[in-house]
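Convention: sequence-line order gives letters A, B, ...; per-chain numbering from 1.
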There are 2 protein chains.
Amino acid sequence: MTMSNTGGRRRPPTIHDVAREAGVSRGTVSRVLNGGHYVSPAAQEAVNAAIRRTGYVVNRHARSLITGRSDSVGFLLTEPQERFFEDPNFNVLLRGCTQALAAHDIPLLLMLAGTEDERRRITRYITAGHVDGVLLVSSHFGDPVAEELREAGVPLVACGKPIGLGSKVSYVAADDRDGARDMVRHLLSLGRRRVGVVTGPLDTPGGVERLAGYKEVLAEAGIEIDEQLVVSGDYSRASGEAGAERLLAQAPDLDAVFVASDLMAQGVLTALEHAGRRVPQDVAVGGFDDSPAAVAARPELTTIRQPWDRISAEMVRVLLAQIGGEDPAAVILPTELVRREST
Amino acid sequence: MTMSNTGGRRRPPTIHDVAREAGVSRGTVSRVLNGGHYVSPAAQEAVNAAIRRTGYVVNRHARSLITGRSDSVGFLLTEPQERFFEDPNFNVLLRGCTQALAAHDIPLLLMLAGTEDERRRITRYITAGHVDGVLLVSSHFGDPVAEELREAGVPLVACGKPIGLGSKVSYVAADDRDGARDMVRHLLSLGRRRVGVVTGPLDTPGGVERLAGYKEVLAEAGIEIDEQLVVSGDYSRASGEAGAERLLAQAPDLDAVFVASDLMAQGVLTALEHAGRRVPQDVAVGGFDDSPAAVAARPELTTIRQPWDRISAEMVRVLLAQIGGEDPAAVILPTELVRREST
DNA sequence: TTTGATTCTGTGAACGCTCCCAGAGACTGG
DNA sequence: CCAGTCTCTGGGAGCGTTCACAGAATCAAA
């Protein structure tokens, strides 16, 4: 049982208290706190004991004031807010990043920049140096916040390849194109030939790359691309439903759909159900993400798993490296086909 | 276009720079920054202009060092992690709190205390004063973190009535009991008489209160409580499915189920489908939460809407008040029945 | 022993801000 | 016209750290 704040809120112990308790100077305590170089074993031990006895915790504000670092990072979301809490992937990512940072004792600041006002406020906050770096979740073309941060020289790691920015910005992404290829190959292997696609927004890498994978595989299989079989959504459930309705109208003979997100795939299932098509007998449906939505769907979705746990871990690793002075880096991680009931 | 950090990362302007630029003293600038009391209009204007010209942003570390406040609050999750990203309610809550805090220019630190190690680390962090207060999302009985924080005198607002803690802790909650009453009355109004219930964990207020509402209404309607019609889940989808299977086995004649969460209700729908029962014709199903899961379900769920936007706003309001020195407070907010396809 | 490096320790300066106090000036009321 | 009160301003002190530097101790090599 360590001594603690019994009763009225007392002033917490400072580095002075520890130094006095250990019979050494502030400097020595500080050295112990920061790696223990140039400290004798005896002093080391005395200081550690004193820290335990006093219940000392470093005051990060004082430290930050002089080091200029804040020892915290921001998790910045510049998407419109609805997307955030509708898309299960964000949660997994957020959780993964929080945990990976916690291992380094670095708190995560959640930042939502939905409106123009918020954008300005947050940009100010970040460029003022209140976080050491930013994990960016936004892949839309020409994001003004991302651009500003990059210009200000703030360490930055994006989730997914940021289209608009120069090549000088780090990112971690799943191999979208390869995942799409796997899925379309899978659909073809089931004997389907009229394979439709509901893409993501074409100003996002996920939108572009997954469509590219789709086209590549069809081309390789000697199937001509029918533009009637290609529609775009915005990753939302509703847009998936609308997209499928358009597909059914333009190409009633379709026998499979590759959907660029599980959430949109849910919408596709709804539309198919309304149209009286059975899944997978009449139309096979393939999703993307392997989010909780995939298991929630009826029938459960065959989908492409994005390795979110690894993505978040890599984002944190790359960001910390960059904060430590390393150069930006891009990391591409492999995906995996998960077969369920919808194909 | 304000002046900014063009080119190499320059030292950001300090309050001294602003003072010099405005031709006043640090003290005056500081007063302007903190509400502008006892400052002449002329000085006020000069300082504001200087701030704009220099692009000055207050250094929060320096401020915190002297005020002892950190001007940040923690959003603490002590549930096992899976629940976090499976339950859509958390997202809405997290988003609402972040935005409500942003309006006060207060950053939110996301904290996950899943393991024992994390719990200890986070408790230290918080009690060391690195956040001014904590928004707590955990309603399980006897949460050790919550108890420690309460003892340490950290301002605290829980989401949902915390069962284990004394009455001295603030909380904001939807009126669980009343919501449950509405739903069960609704089911009875449809002519159903064999109404089952899948409760939440009985060490959570949501579990206890919603069951209580169910029992009250049945009693008022003169219907005897049949314990065969009562099973418990843990708010997860899987537990809903298992619960419904048990209900079907114990009381095959049931014609309605009140489920204490939408996610569990999804599981119930799955089980009913497997058992060949039609919803709502054979069995009416009522959920709770009005989460995205309610609209995702097939058929779409009739449910009880929890006013999450108001809950998060109230949590922030009460927490800030408490940080400002006010006494703890409890806030109960009304719910609303949302009728969809499942009843 | 002397020299020079190497390891270890203590101490004054910052870091950028708010708090406090003293004092100047502008009013009021007697 | 002076005392009393209010508004407004400037500047010293200090918050709890790290950093730079100087000095002490230790040891090996000359």
Which pairs, protein N/O on one side and nucleotides 6-8 of chain D N/O on the other, fall under 3.5 Å?
from, atom 1, to, atom 2, distance (Å)
dT7(D), OP2, Tyr38(B), OH, 3.2

On DNA chain C, which is the earliest and which the latest nucleotide, 5' to 3', with an atom closer than 4.0 Å to a heavy atom of chain B?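 Endpoints of the contacted stretch of DNA chain C: dG16(C) to dT18(C).
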Work out how much the helix from dT1(C)-dA30(D) to dG30(C)-dC1(D) bends between its end axes, five pairs an end, to the nearest 10 degrees. 40°
Measure the CG-CG distance between Leu77(A) and Leu94(A) for me, rounded to the nearest 0.5 Å. 8.5 Å
Any side-chain heavy atom of [X] within less than 4.5 Å of one from [Y]?
X         : Y        : result
Val32(A)  : Val24(A) : no
Val18(B)  : Leu33(B) : no
Leu112(A) : Arg95(B) : yes

I need the CD-C1' distance between Gln44(B) and dT9(D), as an integer number of Å.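 Taking atom C1' of dT9(D) as the reference, CD of Gln44(B) is at 14 Å.
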Quick one: label His16(A) by what it contacts on the DNA or RNA (base, sugar-phosphate, nothing), any heavy atom closer than 4.0 Å. base
Give one of base, sugar-phosphate or nothing for Arg31(A), where a contact means two heavy atoms less than 4.0 Å apart. base
Let me have the donor-acceptor pairs involving side chains of residues 39-48 of chain A, under 3.5 Å, with sequence neighbours excluded, atom names and distances please.
from, atom 1, to, atom 2, distance (Å)
Ser40(A), OG, Ala43(A), N, 3.2
Asn48(A), ND2, Gln44(A), O, 3.3

Contact list for [range], test salt bridge (charged side-chain N to carboxylate O under 4.0 Å, His left out), sequence neighbours left out:
range                       : result
residues 25-43 of chain A   : none
residues 64-77 of chain B   : Arg69(B)-Asp71(B)
residues 101-116 of chain A : Arg60(A)-Asp105(A), Asp105(A)-Arg121(B), Glu116(A)-Arg119(A)

With sequence neighbours left out, write down each residue that passes salt bridge (Lys or Arg N to Asp or Glu O under 4.0 Å) with Arg317(A), or none if nothing qualifies. Glu314(A)
So, using salt bridge (Lys or Arg N to Asp or Glu O under 4.0 Å) as the criterion, who are the partners of Glu21(A) when residues are at least two apart? Arg53(A)
Residue-phosphate contact under 4.0 Å: Thr28(B) side-chain N/O, dG10(D) OP1/OP2: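 The answer is yes; a side-chain N or O of Thr28(B) sits under 4.0 Å from OP1 or OP2.
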Those residues that, when tested against Thr14(A), pass side-chain hydrogen bond (donor to acceptor under 3.5 Å, both in side chains) (two or more places apart):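 side-chain hydrogen bond (donor to acceptor under 3.5 Å, both in side chains) list for Thr14(A), sorted by chain: empty.
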Residues at least two apart in sequence or cross-chain that pass side-chain hydrogen bond (donor to acceptor under 3.5 Å, both in side chains) with Ser312(B), listed by chain then number, are none
What is the minimum heavy-atom distance between Val157(A) and Tyr171(A), and which atoms define it?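 Between these two residues, the closest heavy atoms are CG1-CA, 4.3 Å.
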Using nucleotides 13-15 of chain D, report all nitrogen or oxygen pairs with the protein that are shorter than 3.5 Å.
from, atom 1, to, atom 2, distance (Å)
dA13(D), N6, Arg26(B), NH2, 3.1

